[in-house]
Amino acid sequence: MLDIKLIRENPEMIREKLSSRSGNVERLLDTLLEADEKRRRNLAEAEQLKCQRNIASEEIGRRKKQGSSADDLLKEMKETSEKIKNLDGALREIEDTIKAAILLIPNIPQDTVPTGKNEQDNVEVKKWGNPCEMAFEPKPHWDVGEALGILDFERAAKITGARFCLYKGAGARLERALINFMLDLHTKKHGYQEILPPFMVNSASMTGTGQLPKFEEDLFKCNGTDYYLIPTAEVPVTNIHRDEIIDGRNLPLYYTAYTPCFRAEAGSYGKDTRGLIRQHQFNKVELVKFVKPENSYDELERLLENAEEVLKLLEIPYRVIVLCTGDLGFSASKTYDIEVWLPGLGCYKEISSCSNFEDYQARRANIRFRETPEAKPSFVHTLNGSGLAVGRTLVAILENYQQADGSVAVPEVLQNYMDGMKSITSA
RNA sequence: GGCGGGAUGGCAGAGUGGUUUAAUGCGGCGGUCUUGAAAACCGUUGACGGGGUAACCUGUCCGUAGGUUCGACUCCUACUCCCGCCGCCA
């Protein structure tokens with residue numbers, strides 16, 4: 001969330017900066033500013049009465065000890081207490097209003113983020129590798145996978161429903177190989193600590209990273225509990241340090257986690273209905289960083305490089321785009337998307353999203369650090385990115401490494417993770 | 001699922017209605033002593049909000065949320081988490 005003081009002192013600047021984002025927050029800002037004003041007036045009054053009460057109560061104690069009468073004070077304080085109770089009640093309501101409003105206001109885009117309306121206005125910043133010319137008509141991954149007997153969408157639909165997939169044999173093995181390859185790369189070469197978090201989290205965690213309260217419909221909730229299936233490892237991993245003050249000497253902290261991710265995909269009916277692109281459950285290896293504010297944009301570039309490295313080693317062409325203000329996610333200040341080339345579908349497709357949230361999540365989740373043991377705590381900056389979405393990486397391999405005979409070559413770096421298998425052929 | 005015990009500052013741990021402004025110890029920070037360090041001794045010590053140019057004033061916080069009271073760490077209610085025992089179970 002944004003700093004209420006910043007909003008209070010620069011309301012027009014905030015309005016201006018949020019105006020190019022999707023969604024209209026004008027009304028929310030008005031509600032917020034009005035409630036904040038009311039809160040401070042109310043608070044001053046309540047505090048003055050409390051101060052009087054504290055002094056009088058002490059006096060009552062003293063008199064009772066001496067055995068003298070305190071009836072006059074007692075009577076007066078009964079009234080004061082009643083007033084305080086009313087003021088506190090009103091204050092609570094005002095604070096609820098403030099909280100509800102401020103949690104619905106998105107982050108401010110960073111200055112280098114291009115202004116734009118939607119994904120049309122995103123800007124390509126780099127391109128790596130050349131989509132290779134194939135001597136045959138490349139097939140979409142679902143045809144490749146089903147022909148090889150390694151992907152089974154029909155049975156997954158029977159077992160569960162639409163947007164699920166059953167991986168078999170070399171398919172299941174390839175998915176597991178990718179997970180291990182990515183985790184090894186990030187832990188051994190890039191210095192991230194491996195985490196295996198809970199796959200369900202409570203509503204406080206979901207609020208901390210920004211999924212709640214606004215995006216509840218995108219989540220799967222476990223009936224009768226306060227638990228939700230995670231839509232990304234970002235949620236449990238960022239919340240590792242919720243309500244903590246980190247020793248500044250331990251920063252930056254780098255974590256990587258493999259988890260399945262669960263998304264309701266409400267409102268995406270009819271979109272990417274075939275294949276593995278849009279599933280209710282998919283695997284992802286996530287990268288999460290906790291850093292000092294002054295380093296966060298440098299850290300974002302390196303996070304992006306760490307994610308790109310996976311595709312470079314797999315030798316799959318991709319491009320990087322920077323999201324414009326209109327396409328930016330709710331909690332992010334700046335986001336790069338990595339899009340991988342898919343010859344079967346004939347397009348680039350998002351495979352990773354790397355974002356700097358600055359102190360937006362840190363405020364919501366109350367994650368702070370101390371520069372030195374004596375220093376006042378301040379908010380960390382949080383970042384995260386996919387490193388990578390595993391299902392879509394498998395898609396990229398099936399489509400980019402498919403051969404004329406229907407087999408799929410195994411990328412060299414994965415062969416050791418596949419017992420030396422060089423090619424996936426139909427059984 | 002049933003029964004019992006617990007949750008207090010960075011940590012350990014006192015405190016069962018009124019100078020608690022949370023004892024004491026450890027740790028941290030500053031100092032004395034020392035060539036330097038250790039030990040010893042002395043001092044100091046949190047978070048968040050409101051007001052103020054500032055010094056400063058003030059409120060809240062003892063798991064969380066309510067309640068009783070002039071006054072709550074202390075009493076009442078609900079909830080959460082941790083520990084133990086019984087049952088069930090991968």
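Because the structure is a prediction, the values reported are computed rather than measured. Each chain gets a letter, A, B and so on, in the order its sequence line appears, and its residues count up from 1.
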Rounded distance in Å between the [atom1] positions of [N] and [M]:
N	M	atom1	result
B/A47	B/C11	P	14 Å
B/C61	B/A22	P	13 Å
B/A37	B/U24	P	29 Å
B/A12	B/A23	C1'	14 Å
B/G30	B/C83	P	38 Å
B/U45	B/G10	C1'	11 Å
B/U32	B/A39	C1'	13 Å
B/U8	B/G63	P	7 Å

May I ask you to decide if the ring planes of A/Y192 and A/H190 are parallel, tilted or perpendicular, using 30° and 60° as cut-offs? perpendicular
Name the nucleic acid region contacted by [X], choosing base, sugar-phosphate or nothing; use a 4.0 angstrom heavy-atom cut-off, strictly under.
X	answer
A/K75	nothing
A/R368	sugar-phosphate
A/R39	sugar-phosphate
A/L73	nothing
A/R63	nothing

Neighbours of RNA chain B within residues 3-11 of chain A, by heavy-atom distance under 4.0 Å: A/K5, A/R8
Decide, yes or no, whether a salt bridge links A/R368 with A/D359 under the criterion of side-chain N to carboxylate O below 4.0 Å.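 No, A/R368 and A/D359 are not salt-bridged.
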Closer than 4.0 angstrom, basic N to acidic O: yes or no for A/K292 and A/E371? yes
Residues in salt bridge (charged side-chain N to carboxylate O under 4.0 Å, His left out) with [X], at least two apart?
X	answer
A/D96	none
A/E309	A/K189
A/R63	A/E59, A/D72
A/D218	none

Reading 5' to 3' and counting Watson-Crick or G-U wobble pairs with both distances under 3.5 Å, write the dot-bracket notation for RNA chain B, | for bases paired outside the strand. ((((((((.[[[..)..(.....]]]((((((.......))))))((((((....)))))).[[[[[..)....]]]]])))))))....
Would you be so kind as to tabulate the donor-acceptor pairs closer than 3.5 Å made by side chains of residues 407-415 of chain A, with sequence neighbours excluded?
{"unit_1": "A/S407", "atom_1": "OG", "unit_2": "A/D405", "atom_2": "OD1", "d": "2.7"}
{"unit_1": "A/Q415", "atom_1": "NE2", "unit_2": "A/V410", "atom_2": "O", "d": "3.0"}

For A/R249, give me all partners under side chain to side chain donor-acceptor pair (under 3.5 Å), at least two apart in sequence or on another chain.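 Checked A/R249 against side chain to side chain donor-acceptor pair (under 3.5 Å); matches are A/D247.
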Contact boundaries of RNA chain B with chain A (under 4.0 Å, heavy atoms), 5' to 3'? B/G18 to B/C81
More 5' along RNA chain B: A/I60 or A/L43, using each one's nearest nucleotide? A/L43
Would you kindly compare A/A46 and A/G61 by the position of their nearest RNA chain B nucleotide and give the one closer to the 5′ end? A/G61
Which residues share a side-chain contact (heavy atoms from CB on, under 4.5 Å) with A/R155, sequence neighbours left out: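 Checked A/R155 against side-chain contact (heavy atoms from CB on, under 4.5 Å); matches are A/D152, A/L166, A/K168.
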What residue pairs, at least two apart or across chains, pass ring pair (Phe, Tyr, Trp, His ring centres under 6.0 Å) with a residue in residues 361-390 of chain A? none
Residue pairs passing the ring pair (Phe, Tyr, Trp, His ring centres under 6.0 Å) test where at least one lies in residues 268-293 of chain A, sequence neighbours excluded: A/F164-A/H280, A/F220-A/H280, A/H241-A/F290, A/Y255-A/F290
